[in-house]
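Note: hydrogens, waters and symmetry copies are ignored here, and every other heavy atom, side chains too, is used. In what follows, every chain begins at residue 1, and chains take the letters A, B, ... in the order their sequences are listed.
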There are 2 protein chains.
Amino acid sequence: MKTVEWHDGTVKMIDQSRLPSEVVVLELHDYKEVADAIRTLKVRGAPAIGVTAAFALALAAVQSRAKSREELLSGLHEAAEFTKATRPTAVNLFWAIRRMMDKAESLEPLPAPAIVEALVEEAVKMAQEDEETNRSMGEFGASLISDGDTILTHCNAGALATVDFGTALGVIRAASEQGKRLKVFVDETRPVLQGARLTAWELQQLGLDPILITDNMAGHFMSRGMINLAIVGADRIAANGDVANKIGTYTVAVLAKENKIPFYVAAPFSTVDLSIATGEEIPIEERNPEEVTCIAGQRIAPEGVRVANPAFDVTPSGYVTAIITERGVVWPPFRDGLRQISGTCDYPTPTRTNEERQ
Amino acid sequence: MKTVEWHDGTVKMIDQSRLPSEVVVLELHDYKEVADAIRTLKVRGAPAIGVTAAFALALAAVQSRAKSREELLSGLHEAAEFTKATRPTAVNLFWAIRRMMDKAESLEPLPAPAIVEALVEEAVKMAQEDEETNRSMGEFGASLISDGDTILTHCNAGALATVDFGTALGVIRAASEQGKRLKVFVDETRPVLQGARLTAWELQQLGLDPILITDNMAGHFMSRGMINLAIVGADRIAANGDVANKIGTYTVAVLAKENKIPFYVAAPFSTVDLSIATGEEIPIEERNPEEVTCIAGQRIAPEGVRVANPAFDVTPSGYVTAIITERGVVWPPFRDGLRQISGTCDYPTPTRTNEERQ
């Protein structure tokens, strides 16, 4: 099945918090349960979060007993605010909610039931687009991968981070499907271990034979010439190409630069946020300290210890070799490249430059 | 109590594999048990391993029923080989064993019982010296720490890595005792979590209030200007200043350089191995994959996944700001500085330079 899908008026998703020991499929009937699944990382990964948020709004519409358009829209606004409050960093969440709300508002002449139907259609369409996007990104990205490459990836930017196929892992998958022989190192990705639990598992399913390492080993293997390329996903990309992604991504990027190996970011264009000039404006989610002090229910640190637990970091664009999107590969200078592929006027211009902010 | 001590013909040590949830003191009567404690990380940290190995040989001497000097020495050689085979990277292990064997051989005119007595005395003396060494290192190192510094440390180079007081943590402790107000970030240090389990606990005992982070967060805090100094211990330092230390140390050093903050190494002179020209010659211990795939008995990765688990990495000397020893602070160029403080002819000259090896 897909990571998340619409099925007969319910949202079905793989509970990723239980992987890889159990494959449990949740069937949710209430948009608040869907939002809660986002908050508690039952579903995670920027593109998957986006589609799941769209499904949450579709579900809110289906659940609504609103008789009038106004009543429906007011309920949807409430659901949108509730869903937005789950996770602050990935822009896809806000992008998807805005797209759903824009859709609802654009249908103003129609009666409530027709709007509900159109919103379900829109969410299902977004899920389909996500898959197409990833396959296209995979094609573009695969051209950057050579036969015999040894690739490092961090966190999970695979099928499980999207509706299907994946972003960074989609690129690896597409290259592998082209017959390129690849070796993949997987950072376990503390604290939530998405690499160990999800990426290693996905690569096994794909018939690749990943090598799992702890996050602090990647530098060692790079310094010994045993990794020649790094590729990760993204949660938000600023107009200048700064990339917010899972905590530890910045470190991978610095190590890659120091060891002169390319560092690629693969993300759908919906991850690019042209409304912000630089990564400094991206809010970084601080999560529960217990993610650090407990693993699989076991306490690993002394009682009473202070903890910092930022879920993401920002990699300045200077460390990024190229950004792979479904619209093509963008090379530095990213400000120009990202604007170029944005094409239409979908996105607002940044109002402040980094220089003006300082 | 001390991390490891000689007590009435037995070796007592804190079982560090049980910390911080339980403080269990082992009392060992057989040198093979002591060697096993080294192998299974019940005692770890280069200086502590050295003293423990000396105690293992003292215990082998006490256990021996040898009637003649020759018989005793042959038994000691066997015990030395057994103990050497536990862990390959920390040079202190080999240094301590050599010192004990040199002592035994230098006493050749004496009868077996006198040699046994002298070996126990020598091991106890080495334990005392370790403490003095660390206090002296603390004094020298504290001069590099300023009031208000925020320090990052990796793994455990504390009292538990030595007989008492610690190396890198000894420097922090000495600076704190001088009244300098410090903030300390502690890398949890996967896979064995010495930072989370031991360093965080030790700093709590010292009344400092450490902030525990996962290894992949240090770069984030450095990039935000929230860490202004890094200090770690060492397991072996080559003649050119290359440093082998816990896996992840190289990454800390690269991040420190990139963010223009000093990276200090604190280690007793017994950690310096002038017999090897560069870090490339240091053997890196590969440990059990289960250290990566299981935490506190819980499996966190899919069955059948391949794992790499190097216990150490090598930080090229170019990343090291200074090496703090009990004989003073050594600045680059380290080849000269380390030879200078070696003073006597205790150590052989490197036989090959790095250039000759290539």
Next on the checklist: So for atom NZ, which belongs to A:K183, do other residues, nucleotides or ligands contribute more than 12 heavy atoms lying within a distance under 6.0 Å?
Outcome noted: no
Checklist entry - Got more than 12 heavy atoms from elsewhere within 6.0 Å of CZ, B:R299? => result yes
Please rank [options] by heavy-atom pairs under 4.5 Å with chain A and give me the top one.
options	answer
B:A301, B:A296, B:A308	B:A308
B:T249, B:I211, B:T315	B:I211
B:G304, B:P210, B:A200	B:P210

Is [X] in contact with chain A via its backbone, its side chain, both, or neither, using a 4.5 Å heavy-atom distance?
X	answer
B:P20	side chain
B:K257	side chain
B:L19	neither
B:R224	side chain
B:L193	side chain

Checklist entry - Any donor and acceptor pair, going by atom type alone, linking the side chain of B:N216 with main-chain N or O of A:R190 inside 3.5 Å? => result yes
Next on the checklist: Measuring only between side-chain heavy atoms, which start at C-beta, is A:M217 closer than 4.5 Å to B:D313?
Outcome noted: no
Next on the checklist: What I'd like to find out is whether the side chain of A:I295 reaches to under 4.5 Å of the side chain of B:I300, using heavy atoms alone.
Outcome noted: yes
Which residue out of [options] racks up the most heavy-atom pairs below 4.5 Å with chain B?
options	result
A:V314, A:V305, A:V186, A:V252	A:V305
A:G195, A:S21, A:P310	A:P310
A:V292, A:V254, A:D209	A:D209

Quick one: closest heavy-atom pair of [X] and [Y], and the distance?
X	Y	answer
B:I247	A:H220	CD1-CB, 3.7 Å
B:Q204	A:P302	OE1-CB, 3.1 Å
A:G219	B:T251	CA-OG1, 3.8 Å

Where on [X] is there a heavy atom nearer than 4.5 Å to chain B: the side chain, the backbone, both, or neither?
X	answer
A:D215	side chain
A:E291	neither
A:F312	backbone

Item to check | Distance (rounded to the nearest 0.5 Å) between B:Q298 CD and A:C294 SG | outcome: 11.5 Å
Checklist entry - Hey, mind stepping through A:Y250 and B:E258 against side chain to side chain donor-acceptor pair (under 3.5 Å) and telling me if it holds? => result CA-CA 11 Å; A:Y250 164 73; B:E258 192 72 11; over 6 Å; no
